[in-house]
Asker: 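Before we start, here is the structure in question, set down as structure tokens.
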Amino acid sequence: MSLRLVFSWFADSGAWPEHPGAGAAVVDSAVVGPMRLLDHVETMLGLGAPAVAGVKRIAIYRRKLEACGERFWSESFKKDSWSTARELLNWRDQLVEAGWRPDMLVSAKRLVDLAAAETAGPDLPSGLADRLRAAIAALGDKPKLPLASVELIDARADLPAGWRLLLDALEACGASVTARASTDGDHGSTDLARLLTPFESKGAASELAGDGSICLLTADTELVAAEAVAAWLAADKDGNEGLVFVMGKDSALLDHALRRVGLPQFGASAPSPHRALLQVLPLAFAPAWNPPDPKSLLDFLLLPLSPLPRWVANTLASRVAQTPGVGGPLWQETFAEIAKKFAEKAPEDSETKRAATIANWRAFVEPERHDPILGMPRAAARAVAGRVAAWATARFGATDDGLFLALATAASDLGAAIEATEAETFDRLLIERMIEQVIGAGVSDPTALAEAAPWRTVAHPGAIWAPTNTIIWWHFADNGEIAQRVIWDSDEREALKQAGVPVDDPSPALRRISSAWERPVRHARKKLILVRPSVAGGEEVKSHPLWHALVAGRPKLEKQIGERAETLLSEPKPQLAGRILTRQMVEPGALPERRAEWSAPADSIEPREFESASSLSSLLGCPLQWTLSYASSLESGVRQSLAGGDALFGTLAHKMAETLFEPGAPPDPDETMTRARALLEKLLPQMAATLLLPGAARDLADARKAIPEALAELARFLRANKLSVVAMEKEFKDAGTLDAKTGIRGWIDLLAKEESGGEVVIDLKWQRTDKYRRKEIADGVAIQLAVYARHVGDAKAYVPTGYFMLRQKRFVTGAPGFNGSVVAVDGETPRETWKKMEKSWHGVMTEMAGGAVRAAFDQEGVEQEKFSDPVLMTPPKCKYCDFATLCGRQS
């Protein structure tokens, strides 16, 4: 049985018709593109070998270029060796495809240098061009082939040189190679203006019939365009048989619109390197560079699927958000908590097995770090790729999910390329270039599944090679498809031609592409609908080059055949391309109104066992905020809560103070400054690594100057007032403070003692201004100081309290008798503030026990002295609230 093939350059991803037979299927014929044609020929000749990943070929070619010494590419190679090798390998493959060999006597310098690379270094694994030349060489012996004919859709002269030579060789072996006979009638004209002749009115040249047989459907957005196309398909479901779609873009939005009208989905998902799972590979390398990048680490931990269990990833993500860095005491404490919880979750595992599992988790997030310029050793780079490959392979075995297989393959290919490169070290740029290569092709969305439908789809307009009734070109827009740029100058092309290497100029490729673009117009027998949104994927869409060519011959074309999707979808029974679209008016729903009071079942919101100064500030300013945040445990995403600015400076300063101010006499200010500078450098990668990243130089300089100076001033203040340190981060916990069910707990930043033995509470703050803290004390709403004063000392005496404002380097207090850098504020005492707070707490809890939860946004921004509420103690701080869209303050 001899095979009969139809060959189209654009048919490797599917074609229409799907086969050249007359029935539902054939056994001796096929429609093929270049890859499938070569597969058939290799099978007939007994050729073929396992495919070698492109990234490995580039890695080996990089070694070949490196082995050549000074060449025309040397300067580019020094700056970016991987990109240079990738580009030159592409040049080399184009030459090989056209018949070039390194032993050809071609004197042009670039060709001489490439010939030197071909014979230098290790052997290069075969690529597509090498396979093509091997097939042509084997056909030179004129074997008898089970191939009767190859029918060409594209003009033979427009095919690349190497593929023309393959066809010549097949012809020499007895296969018939012919151009497909035209069945297009007037459609076959080379005059683009005449492409639309079949759509003209009878006897009215250049006047389109206006019967909807050809239509340009435009829309402001891809979403509206999808709604219109889905409505058109739903208007005559029986009339969709034999319809062919050209998918100029993936079908995600179109599938969504089809589901809404009960039609099957296309499931045409474009391959993308940005699938979340594929990001495991680049993000697994990110922690291996200095300085550590907390943002990249958070991205890794917050991936929907990662090598760490979700609970482990979330635990670490919370730690990184609070103290952006790795290592250090807090990081070690977090892993100790994870180990303890893991023992509870997997008691059946041995301690050794659990320890090995935790070590593997730590290897992902806490690998040895390397200088990004000097690079990491080959073994370290291979280890990272190997960890990802092992995890992805195991998950693929457990889930049979193709995305895991794609990741495992990419990681394995990367590991093979790292080994093949044989470099001693890999700098960050090289690793990133290699990763881009292995995941660059991307994968399709595995959840996008095609459903049985009366229509067929092709990925490229050139894949339509015979007439059909109706064609819809989805996303009829410029997708950047162009011929390859000119690499060789005229002298080089002439030298290659003299050597028998027919390197093409761009003309054949341009003709091949432009001819392919015309096929939907040539082959649509009844209807042709061209769909072009103005914006897709957030970017402006440009008209397809074919449209420009058509309009050049018919300037009024858009006016004659154009339809606006927005106009159609606003009418009750619009007409589009010969169909009446059924539309149903939907009454718009009312937006939620602002609500100053929310309801809950009586007694459903109970007092908590313990409150803190922070939670009380929330409760007594806006009960809804407290309910959502504390009672309901709602919080903003970890990625959005990454510490920065004043919060990050404050976290660093608190941790440093905890280390520098030990119980006893305060340290010498100058010594504090010196020790603080050294300690800061140690803590930066552990707690504030974001300050070490590019672009943070100014903040880093501020931190190095301001934090040590602030801590030195704190030491100076303590000495000036003869205060000794009792404890840093002193925890207190009282179970019966507010009522029998609710107590208060918290941590005092610095508990000091006077010479007389009396205690002093100092709360450390790093804020841009001390204005608000001074105002709190003056207005009698310094809840934090009132809570601390109430809970220090055995006798529950209200001890002196105040804020040490680190950035301003001064102590803000309402208590008398302090010396040095002090701002004395005249206001209520902590005892008086506490009494107001108790009353307010009881009033709010009584309201909520009855089911009323108030959102106090109506008093946002009111000055404390003008604030009036029978229960609440302070105006709400809506500006800093995460729930503004829930309560209705912000729509």
Asker: Would S615 and E611 count as a side chain to side chain donor-acceptor pair (under 3.5 Å) if you check the C-alpha gap in whole Å, the side-chain angles of each, and the deciding distance to 0.1 Å?
Answerer: CA-CA 6 Å; S615 68; E611 295 292 349; 2.5 Å; yes
Asker: Could you list all the salt bridge (charged side-chain N to carboxylate O under 4.0 Å, His left out) pairs where at least one residue sits in residues 299-313, not counting sequence neighbours?
Answerer: D299-R639
Asker: Show every salt bridge (charged side-chain N to carboxylate O under 4.0 Å, His left out) that has at least one partner inside residues 337-348, sequence neighbours left out.
Answerer: none
Asker: Take Q686 and K655 through the test side chain to side chain donor-acceptor pair (under 3.5 Å) and record every step on the way to the result.
Answerer: CA-CA 11 Å; Q686 298 175 2; K655 187 62 180 177; over 6 Å; no
Asker: Quick one: closest heavy-atom pair of A676 and L711, and the distance?
Answerer: CB-CD1, 4.3 Å
Asker: Report the C-alpha distance between E481 and H460 in whole Å, list the side-chain angles of each, state the deciding distance to 0.1 Å, and finish with yes or no for side chain to side chain donor-acceptor pair (under 3.5 Å).
Answerer: CA-CA 11 Å; E481 182 183 21; H460 192 281; 2.7 Å; yes
Asker: State yes or no: are the ring centers of W391 and F396 separated by less than 6.0 Å?
Answerer: no
Asker: Can you list everything that forms a side-chain contact (heavy atoms from CB on, under 4.5 Å) with K705? Sequence neighbours excluded, please.
Answerer: E709
Asker: So which heavy atom on S618 is nearest to which on Q625, and how close?
Answerer: OG-OE1, 2.8 Å
Asker: State whether F426 and R378 meet the cation-pi test: NZ (Lys) or CZ (Arg) under 6.0 Å from the six-membered ring centroid, and within 45° of the perpendicular axis.
Answerer: no
Asker: Sort out for me which residue in R433, R428, R86 forms a salt bridge (charged side-chain N to carboxylate O under 4.0 Å, His left out) with D80.
Answerer: R433
Asker: Is it possible for you to check whether R387 lies under 6.0 Å from the centre of the six-membered ring of F364, through NZ or CZ, and within 45° of that ring's axis?
Answerer: yes
Asker: Looking only at side-chain N and O atoms, does R275 offer a donor or acceptor that is under 3.5 Å from a partner on S269?
Answerer: yes
